[in-house]
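All values below come from the heavy atoms of this structure, side chains included, with hydrogens, waters and symmetry mates left out.
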Amino acid sequence: MNKIGDEVRLSFLQEEVEAGQAGEQNLGEAMDIEDIGKEARTIESCGYYATRRAALDADIVFLPYNSVLSKSVRETSGVRIKGSVVIIDEAHNIADAVNNMHSVVLNLAHIQTAKLQVLAYYNRFKNMFKPSNDRSVQMLLRLMDALLKCFSVSSGSVHSVFPEKTGILTVNDFLSKTGIDNINIFKLSEFVRESKLFFKVSGYYEVSTAAEGSREEMEKLGSLNSVMDLLFALTNNEEDGRVIIDSGMEQIKFVMLNAATHFEELVQEAHAVVLAGGTLQPLEDLFLQVMPTIDQTEVQTLSCDHVIQSGNLLTMTVPKGPTGQAFDFVHSKRSSPDMIMDLGRLVVNACKVVPDGIVCFFPSYKYSEQVTSFWSKNGIMKLIEQKKKIFGEPKAADEVESVLGKFKYQIEDSQADDRGAILFCVVGGKMSEGINFSDRLGRCVILAGLPYPNIYDVELQERLKFWSPSSGTSSALENLTMKSVNQTIGRAIRHRDDYSTIILADRRYCSESGPFKKLPQWIKEANVVHCETFGLFYRNLVKFFQGKK
């Protein structure tokens, strides 16, 4: 017994020494994740624990959002922000990131599987439980029984307490209707955390299913974690979130509405927080969503001019097409064949003038398919293809890199023909953020319409009510839309010597008191032309690119 114990202690000590050596190596030079993994394999150590060790002594630590914005992840990962300067890049995503991190989606299959797992664990070990632990595990089983009542199960043994297909409730209403208000969810949450019940149940279940050789059962290990995430979410303040019951989808969703609850906690703990980004406008929405109670006199804002010369960017608002058809892409009018045809003529004319790459954005996948299908049937696509090779944004994430590679090859490789290329994308899609269309890849960005979100989405409705309870939702909706616009058109100019044009095709952009006023300052301070006629638009486009030859 002593020999085994000595071996365990020696093994642990060796791992500690190796992690310390790898950690020191990490501190010696800046290393990315691939370099850390390679170095760890060289000395047969763990790159993850070496990095955690090194982070304690490092002056600068780079982290993903969830490792900073989630208190539980910070505590688990050993991330210390007290007294630190926290710099958050791409900060326009802060509210969404925090809300998504603390939102939970739980479906019927998760609950049923988790209940089976906990029952199996309970039946195996209940004789070993202390009375208090026995009561807590039974309490968790009662919680899952209550959650099952949200749905009508085909066997008829469970009848939904929510006859409506979709229900939106406050946390307290949800607890009351399901009968969970008889359970002390705060005490239960504490037990689950402190006892590490998830690891014990999933560990036992993993061993028992592995013995049976069932891969399908092994894949269900995350079900209990989803139930526990909902349990923790229900301990949030009543006003901070909503519970959405979707009987059709057999889903319970906790939607976090108040990102400030979690973000302001970080602000208070850190020495200072810097929110950085090229498209933070509109700022008032950002402050409202993540720092509503912070004294605004303590907030310093700095807006810098863009590094490019003003002559390297031309932004044009275009209210009508070549035949004079008004561009009014509101939902009720955007299916107009005449308007779609004139938009196609605008794109064809742009392809004749703009060299290399054009990126054209539509408000949604559905509308992109509608427009490009119409153009194919009416000859527009053939005219575009004479000037540019055509690419489209794929719906599958694993195809994005391939499409981008082909798009880049067509523009930059000397073996390709000299047409250049056009890429049709979607605002809020996989190519509207995080991808740079710099230099020849994005000499022109076209945005057709304003990408207003679906106002009938129940989750969005609740968010808008929370953000603007007194002033109405129209301003919040416009701010949300313009945040997407600003992020999309920012794909073009990426460095000081770059140049590009931005074409905003919709009459609503033409008024400086409308959505246009919420564009980034660096765009408004460059060359902006409100083109009352298509002829004015075309002349300015030709003149801009003639000056770049």
Side-chain angles (χ1 to χ4, degrees), residues 92 279 281-285 313-347 349-350 359-364 366-368 370-371 424-429 432 444-456 460 464 468 471-492 501-538 540-541:
H92 62 278
T279 51
Q281 296 287 353
L283 277 175
E284 60 269 22
D285 249 26
L313 175 64
L314 172 64
T315 302
M316 292 182 285
T317 62
V318 186
K320 57 185 70 174
T323 68
Q325 179 68 41
F327 288 148
D328 191 2
F329 291 97
V330 294
H331 193 270
S332 59
K333 297 180 181 179
R334 67 182 187 180
S335 296
S336 163
D338 291 338
M339 187 168 64
I340 293 175
M341 197 67 182
D342 237 18
L343 176 64
R345 296 187 185 103
L346 180 147
V347 173
N349 278 278
V359 188
C360 180
F361 286 94
F362 294 100
S364 66
K366 184 178 179 181
Y367 191 59
S368 174
Q370 179 185 346
V371 170
F424 293 113
C425 301
V426 176
V427 176
S432 65
C444 176
V445 173
I446 302 172
L447 179 54
L450 278 158
Y452 277 92
N454 179 11
I455 59 172
Y456 298 106
L460 176 64
L464 292 174
S468 49
S471 60
T473 60
S474 59
S475 177
L477 196 61
E478 186 176 89
N479 287 343
L480 191 63
T481 301
M482 290 309 297
K483 185 175 80 168
S484 298
V485 169
N486 293 340
Q487 192 61 27
T488 298
I489 61 181
R491 299 305 90 212
T501 56
I502 297 171
I503 300 170
L504 303 174
D506 195 299
R507 65 170 185 79
R508 290 170 289 179
Y509 288 114
C510 297
S511 170
E512 298 210 358
S513 61
F516 183 86
K517 70 182 179 182
K518 294 179 180 178
L519 290 173
Q521 199 62 32
W522 61 270
I523 288 181
K524 292 187 287 185
E525 290 178 353
N527 294 332
V528 177
V529 181
H530 296 295
C531 303
E532 296 180 1
T533 65
F534 184 82
L536 180 60
F537 155 75
Y538 193 76
N540 277 278
L541 189 66

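- Looking at every heavy atom in both residues, R345 comes nearest to P322 through CB-CG, 3.6 Å.
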Begin with the C-alpha distance, continue with both residues' side-chain angles, and end with the deciding distance and a verdict on side-chain contact (heavy atoms from CB on, under 4.5 Å) for V528 and L519. CA-CA 11 Å; V528 177; L519 290 173; over 6 Å; no
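- Counting heavy atoms from C-beta outward, I340 and Q370 have side chains that approach closer than 4.5 Å.
- Within the 4.5 Å cutoff, no side-chain heavy atoms of L460 are placed close to those of N454.
- Between F329 and Y367, the ring-plane angle classifies as perpendicular under the 30° and 60° cut-offs.
- T315 places none of its side-chain heavy atoms less than 4.5 Å from the side chain of I489.
- Side-chain contact check for N486 versus K483: every heavy-atom pair is 4.5 Å or farther apart.
- Under the 4.5 Å side-chain criterion, counting only non-hydrogen atoms from C-beta, L450 is in contact with M482.
- T481 has its side chain within reach of P453: a pair of non-hydrogen atoms, C-beta onward, lies under 4.5 Å apart.
- Judged as a ring-ring contact (aromatic ring centres under 6.0 Å, His included), and not counting sequence neighbours, F361 has no contacts.
- Within a 6.0 Å radius of NZ in K524, more than 12 heavy atoms belonging to other residues, nucleotides or ligands are found.
- Residues K320 and D342 have side chains not in contact (no heavy-atom distance under 4.5 Å, counting atoms from C-beta outward).
- Looking only at side-chain heavy atoms (C-beta outward), V485 and V427 stay at 4.5 Å or farther from each other.
- Atom CD of E525 sits in a crowded spot, with more than 12 heavy atoms from other residues, nucleotides or ligands closer than 6.0 Å.
- Under the rule for a ring-ring contact (aromatic ring centres under 6.0 Å, His included), the partners of F534 that lie at least two apart in sequence or sit in another chain are F537.
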